[in-house]
Amino acid sequence: MNDIQKKKLTKREKIIYDCIQPKHRRQFIRLSPYKRKRMVDTVICNLERKNYDVSEFKETGRARNVEKKNYYIAKAVRKGLTAETKAPLKTAAAVKGALKKRQQKEVLLDSSGNITREKATRNSKVTASDRYIGADNKKGHLKKGSGVKKTVARQVDKALSSISVKENKKKRTTDEIQREWQSKSTGKGARYAGKAAKKAGNALAKLIMKIVVQLITFIVSIFQMIIAALPLLLPVILIFAVIMLICTFFFGATKEDEEREKENIGSYMVSDSVISYKDDILKELKKYGKEEYIYLFLAVVQQESGGSGTDIFQCSESLGKAAGTLSLEESIKQGVKVLCGHMNHEKVKVASISDLDHIRIALQAYNYGGGYIDYINRTDFGRDTTKDDVANIGKWTQENALAYQKEKSKVGGTPVERTGAAKKLLGPYNYGDAYYTEHVLRYYQTDSAKTTAEVKGIPKSDRINFLFPTGLPVTESEARSYMQTITVKIYNEVGTKSSMNITVHKKLVNAYRQAFERMYKIRFPIKVAETAAYCWRNMASDSSKQSYHSYGTCIDINWSSNPATYTSGIYLPEQNPLSITPQVVKIWADAGFFWGGNWNGYYRDYMHFTYTDN
C-alpha cells in the first residue's frame with residue numbers, strides 16, 4: 001500500500017493493517033470508512049467483553065464516554081436491585097431503559113443483597129456494563145501484552161474472510177443471469193403454451209367428434225342404400241372380385257415381394273434369416289473396407305448355417321473352441337476376420353466382386369484353412385509333373401481341392417475315406433468340403449450385367465474357343481469339370497413362387513442367372529419337369545452328333561408347350577401361358593443367347609435357347 005492510501009486509515013486501523021494477513025490488506029483498504037470503522041468497533045467490543053485490554057485500539061473521546069456511560073448504567077442497576085433482596089430479580093425493564101433497548105441477562109443477588117462478580121460475569125455474553133456492576137477491580141483481570149494485537153488482527157481476518165465469501169456468493173456471471181432469465185421466461189412461456197394447447201386440444205376434440213358423428217351418419221346412410229340395392233349389385237360385385245383375384249394372382253407383386261427382391265440383389269435363394277444379419281455383417285466389413293463383398297459373406301452364412309443358431313459363420317474351431325459355441329457377435333467378428341484375411345493374402349489378393357478365380361481360393365481356404373493357399377503355391381513337384389500342374393500353380397481347381405482333402409485326411413499315412421451321402425456331397429475323403437466353392441457360389445451373384453455384357457460381346461465364331469480353350473470335351477467326366485450347378489428363383493406352372501437347380505457352363509453362370517431373374521420378375525411360369533440345361537447326350541434330331549446340351553451352353557424351357565418342328569406338338573404362345581413369348585425371347589437375347597424359334601428353314605426349336613447358336 002502506498003503512502004497516499006495509508007493516510008486514509010486511522011491510527012488504530014493502521015495498527016490492524018500491519019498485523020492482518022497480506023491477502024486481506026487490499027480488501028481491508030478498499031472497504032468504505034464506515035464499514036471499516038464498524039468492523040473494527042465490533043471486534044474491539046467483542047474482545048473487551050472477553051476481558052482483553054484493547055485501550056490502544058479505542059478512540060480516546062469515545063472510550064471515555066463509553067466508560068462513563070457504563071458507570072452510570074451500573075449505578076442505576078444497583079439502585080434498582082437493592083429494592084428487593086429476598087428473591088431472584090429480573091432486571092430487564094430497568095436495564096432496557098438504561099442501555100437504550102439493549103437486552104441484558106438475568107442478574108442474581110447474593111444473600112447480602114450485593115451483586116457478586118462471579119454471577120455477573122457467568123455468561124460469556126455479559127456486557128461491559130455488567131462487569132461494572134459486579135466488579136470492584138476490573139483492571140486486575142484484563143489480558144494485556146503483544147498477543148492482543150494478534151488477536152485483534154485474527155478477528156479482523158475472520159471478518160474479512162466472511163465478507164469475501166458473501167461477496168463471491170452474490171457475484172454472478174452474465175451467462176448465469178441470462179440462463180436464469182431464460183429459465184423463467186421458458187417456464188412462463190411453457191405455462192402459456194400449455195394453456196393454449198389445452199384450449200386447442202379441446203376445440204380439436206370437439207371438431208373431431210363432430211366429424212366422426214357426421215361420418216358415421218353418412219356411412220350408415222350409404223350402407224342402407226347398399227342393402228336396398230344389393231340384389232341388383234351382387235352379380236356385378238362377384239364378377240369384379242373374381243377379376244381382381246385373377247389379376248393379383250398372376251400379375252400383382254406385393255410390397256413384400258418388392259422388398260425381398262431388393263434384399264436379394266446380389267444373392268440367390270438366401271433365406272430371410274440370413275438377410276436379417278446383413279446390417280451387422282456390413283458394419284464389421286467396413287472395418288476392413290470390404291463392404292462391396294457383403295453378398296459373398298451372406299452366401300457363406302447361407303452355406304454354413306442358413307442363419308440358424310448363434311455361430312452363423314461356423315468359425316468357432318478357428319479359435320480352438322468347440323463347434324457352434326460362439327455368440328452371434330463373436331461369430332460375425334471372427335468369420336469376417338478370417339475370410340477377409342484369406343482375401344487379402346499376398347498370394348490371393350481378391351481384386352473385385354467379379355474376381356471369381358481368387359474368390360474361390362479364399363473360400364476354399366475358409367473351409368480348409370490357410371494351409372490350402374500354401375499347398376496350391378508349392379513348386380516341389382516330382383517326376384510325374386504335368387503341364388497342368390505347372391499352369392495351375394496358385395490357382396483353385398477342383399483337382400487340387402480333392403488332392404488337398406486326400407492329403408489332410410491321412411491318419412498314419414493312409415487317407416480316410418467317407419461313406420454314404422457325405423461322400424457325394426462333401427468329397428471322397430474325410431476332411432472338409434472339397435466342393436465348398438461350388439456350394440457357396442450357388443448363392444452368390446457378382447455383377448451379372450457386366451459379366452453378361454462381356455460374354456455377349458464375344459463373336460459367335462469365337463464362343464466355343466472362349467468356353468473350351470483346349471477343345472470340346474470328349475467324355476462326360478471331362479465335360480463335368482466345366483459345369484456348375486446353380487439355384488434360380490422361378491414361378492412354377494401354377495403361379496407359385498419356387499426354385500430349381502440347373503447345371504450350366506461355369507463361364508455362363510451369370511448369363512443364365514440374369515435371364516432367370518428377369519423371367520422371375522415378369523412372372524413367366526416354368527415347368528421344372530420340362531426344363532433342363534446340361535445333359536450329356538446325343539442330338540434328338542441327329543443321334544450321330546453330340547448335343548450342345550452336353551456342354552452346358554443351351555437350355556430347353558417348357559418343352560411340351562414349346563415343341564420343335566421335328567417333334568409332336570403345336571406352338572401356341574397366345575393361348576398357352578407356358579409358351580415362349582416375344583418378351584422372354586428378348587430377355588434371353590439380352591443375356592447373349594440365340595432362340596431356336598428364329599432358325600431359318602423347316603427346323604425350328606421353340607423351347608431352345610443357345611449361347612453358341614447350335
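Throughout, numbering of the chain's residues begins at 1 and tracks the sequence.
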Walk me through whether T437 and Y444 qualify under side chain to side chain contact (heavy atoms under 4.5 Å, CB included). CA-CA 10 Å; T437 58; Y444 177 63; over 6 Å; no
Can we say D590 and K586 salt-bridge, meaning some charged N sits less than 4.0 Å from an Asp/Glu carboxylate O? yes
Please determine whether the number of non-hydrogen atoms from other residues, nucleotides or ligands lying under 6.0 Å from atom CD of E574 exceeds 12. no
Does either side chain, that of N344 or that of K290, offer a donor lying less than 3.5 Å from an acceptor on the other one? yes
Between E476 and R480, does at least one N-O distance fall below 4.0 Å, as a salt bridge requires? no
Within 45° of the ring axis of Y482 and under 6.0 Å from its six-membered ring centre, is that where the NZ or CZ of K506 lies? no
Are H549 and D556 close enough that a side-chain donor and a side-chain acceptor fall under 3.5 Å? yes
Could you check N430 against E417 for side chain to side chain contact (heavy atoms under 4.5 Å, CB included), going step by step and ending with a plain yes or no? CA-CA 6 Å; N430 191 28; E417 294 188 9; over 6 Å; no
Show your reasoning for whether side chain to side chain contact (heavy atoms under 4.5 Å, CB included) applies to E493 and I526. CA-CA 6 Å; E493 62 269 27; I526 301 292; over 6 Å; no
Just checking, is any N or O donor in the side chain of Q364 or W396 under 3.5 Å from an acceptor N or O on the other one? yes
Indicate whether the side chain of T485 and that of T503 have a donor and an acceptor atom separated by less than 3.5 Å. yes
Relative to each other, are the rings of F609 and W595 parallel, tilted or perpendicular (30° and 60° limits)? parallel
Return yes if some donor-acceptor pair links the side-chain N/O of R463 with the main-chain N/O of I458 below 3.5 Å, else return no. yes
Hydrogens and angles aside, do S271 and S273 bring a side-chain donor and acceptor to less than 3.5 Å of each other? yes
Would you check if there is a donor-acceptor pair between the side chains of R442 and Q484 at a distance under 3.5 Å? no
Given L326 and L319, is the side chain to side chain contact (heavy atoms under 4.5 Å, CB included) satisfied, shown in steps? CA-CA 9 Å; L326 293 184; L319 293 173; 4.0 Å; yes
Check: Q214/T217 side-chain N/O donor and acceptor closer than 3.5 Å: no
Just wondering, do Y366 and V338 contact through their side chains at under 4.5 Å, heavy atoms? yes
Has E329 got more than 12 heavy atoms of other residues, nucleotides or ligands less than 6.0 Å from its CD? no
Salt bridge K349-E346, side-chain N to carboxylate O under 4.0 Å: no
Taking atom CG of L215 as the centre, report whether more than 12 heavy atoms of other residues, nucleotides or ligands fall under 6.0 Å from it. yes
Backbone N or O of A591 within a donor-acceptor pair of the Y611 side chain at under 3.5 Å? no
Fit a plane to each ring of Y571 and Y606, take the angle between them on a 0 to 90° scale, and name the class: parallel (under 30°), tilted (30 to 60°) or perpendicular (over 60°). parallel
If only side-chain N and O atoms count, and only distance matters, is there a donor-acceptor pair under 3.5 Å linking N400 with T397? yes
Honestly, is K460 close enough over F594, meaning NZ or CZ under 6.0 Å from the six-membered ring centre and within 45° of the axis? yes
Plane angle bin for W536 and Y551 - parallel if under 30°, tilted between 30 and 60°, otherwise perpendicular: perpendicular
Taking atom types as modelled, find out whether E304 and Y436 have a side-chain donor-acceptor pair closer than 3.5 angstrom. yes
Is there a ring-ring contact (aromatic ring centres under 6.0 Å, His included) between H505 and F468 once you walk through the steps? CA-CA 10 Å; H505 194 287; F468 303 100; 5.0 Å; yes
